[in-house]
2 protein chains.
Amino acid sequence: MTTVRVLLADDEHLIRGALAALLALEDDLVVVAEAATGREALAMARAHRPDVAVLDLEMPGADGVNVATSLRTELPGCRTMIVTSHGRPGHLKRALAAGVRAFVPKTVSARQLAGIIRTVHAGNRYVDPELAADAISAGDSPLTTREAEVLELAADGAPVAEIAERASLSQGTVRNYLSAAASKLGAENRHAAVRLARERGWV
Amino acid sequence: MTTVRVLLADDEHLIRGALAALLALEDDLVVVAEAATGREALAMARAHRPDVAVLDLEMPGADGVNVATSLRTELPGCRTMIVTSHGRPGHLKRALAAGVRAFVPKTVSARQLAGIIRTVHAGNRYVDPELAADAISAGDSPLTTREAEVLELAADGAPVAEIAERASLSQGTVRNYLSAAASKLGAENRHAAVRLARERGWV
DNA sequence: TCGTGCCCATGACGTTTGTCATGAGCAGTG
DNA sequence: CACTGCTCATGACAAACGTCATGGGCACGA
């Protein structure tokens, strides 16, 4: 029997500890390192060279996908998987693009998670069916790169002038992009557009 | 030694299961019921009459504070506590007002949580110091009831006309409230105001 | 090479906002 | 009772925003 060396990264101590305890019950899995932040996860991975890195999506510092991206080049032998509470379609896409092998919501049981870790270690992929369906039904973003960029900058309610400055664009251009984005999304104004795009993971 | 009967409510199976496992290690704690939604938590509480209910803040259906409110009248003997990932000051205040005995971030360890459960069972309160500090520094909302209400309706980017209709107010009045709210919060416009108010738990 | 699509800009227009002054009705408090 | 603060309204003006037409530059595939 091969044993799988696992790295666990989650900023919530409660969950990380609990998870470690549960995975320890599976006798082919061994948690070799734990981390509470993105940076810590990277350091731990370098030090312990795990077979599989189980990364929380939302962590202080670098988020799970960023960590996965770094790991991909630094430790190509280490498979990465993402667990998350909030399954936005966009995150899934981002994760897959970063070479993540599994994307799992926290609604699965520990037993299932253990199974998925084995699946990933065996070189296969796993994507939660629910999340996959969402991602497919959400479809591809109709927004161009710049439209998405500008929309992103509009997210915190900043006035056009500020967006223009931060994007190094003229105010008129910003208004055009915002207008285009809103109409593509069928939104009444940019703020509603931001909400919609967020929901569908397009920003 | 008295044993404490605990109800666990969290929509994330992974966490709930893991938590149950960890709490089971403490031999004076016994998890008598688990729930994944607010409604389920209430039903379970009625059926099993736990000593302490550990409620996740964000759950589908009724959130943790709502459940606590219901429990307060239905099962006065049952102490309630909230655990959460995102510690917004407003939630803390709401929770305390609902008679919640403890408010804990998920960054604590399982051991600490067990200790807090005992503390609560003994009739004492516990509030995470960090969260308490935030709540205090955030202070009280400067917004009047109507201002907060209108701001809430503005949350999804609806135009003033729609807000006015939904609030049964004239458009001018809505603009006035929005303007007042934004200036009280030091925001550039209503959208930024919404964000600020949300951050501080004022909406 | 031509067309298409994205990028960026400008100018103009009407509409939506934010802001301010002003005032009426109605609690609650000193 | 006078005073204060919240609620709701109106009107008016300036600023911000959304929309449209138009045009140049650039990359890419047909």
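Here is how names work: the chains are called A, B, and so on, in the same order as the sequence lines, proteins then strands, and each is numbered from 1. The analysis underlying the following values was restricted to heavy atoms, covering all of them including side chains, and did not include hydrogens, waters or symmetry mates.
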Side-chain heavy atoms of B/Leu169 within contact of B/Val150, under 4.5 Å: yes

message: What I want to find out is whether B/Asp156 reaches B/Arg166 closely enough, with some N-O distance under 4.0 Å, to be called a salt bridge.
response: yes

task: Scan nucleotides 6-15 of chain C nucleotide by nucleotide, 5' to 3', and note B when protein non-hydrogen atoms come under 4.0 Å of the base, S if they reach only the sugar-phosphate, - if neither.
output: SSBBB-B---

Euclidean distance, atom NE2 of residue B/His191 to atom C1' of D/dG18 [Å, nearest integer]: 13 Å

message: Using a strict threshold of under 4.0 Å (side-chain N to carboxylate O), is an ion pair present between A/Lys106 and A/Asp10?
response: yes

message: Is it the case that the side chain of A/Arg101 and the backbone of A/Gly123 share a donor-acceptor pair, with hydrogens and angles ignored and the cut-off at 3.5 Å?
response: yes

- prompt: Rounding to a whole Å, what distance do you find between B/Leu178:CG and C/dC20:P?
  reply: 15 Å

Euclidean distance, atom CD of residue B/Glu162 to atom P of C/dT17 [Å, nearest integer]: 11 Å

task: Let me know the distance between CD1 of A/Ile163 and P of D/dA16, rounded to the nearest Å.
output: 13 Å

Whole angstrom value for the distance that separates C1' of C/dT17 from CD of B/Glu188: 14 Å

query: Should the pair A/Asp51-A/Arg79 be classified as a salt bridge under the 4.0 Å nitrogen-to-oxygen rule?
result: no

message: With a 4.0 Å cut-off on N to O distance, would you call B/Arg195 and B/Glu199 a salt bridge?
response: yes

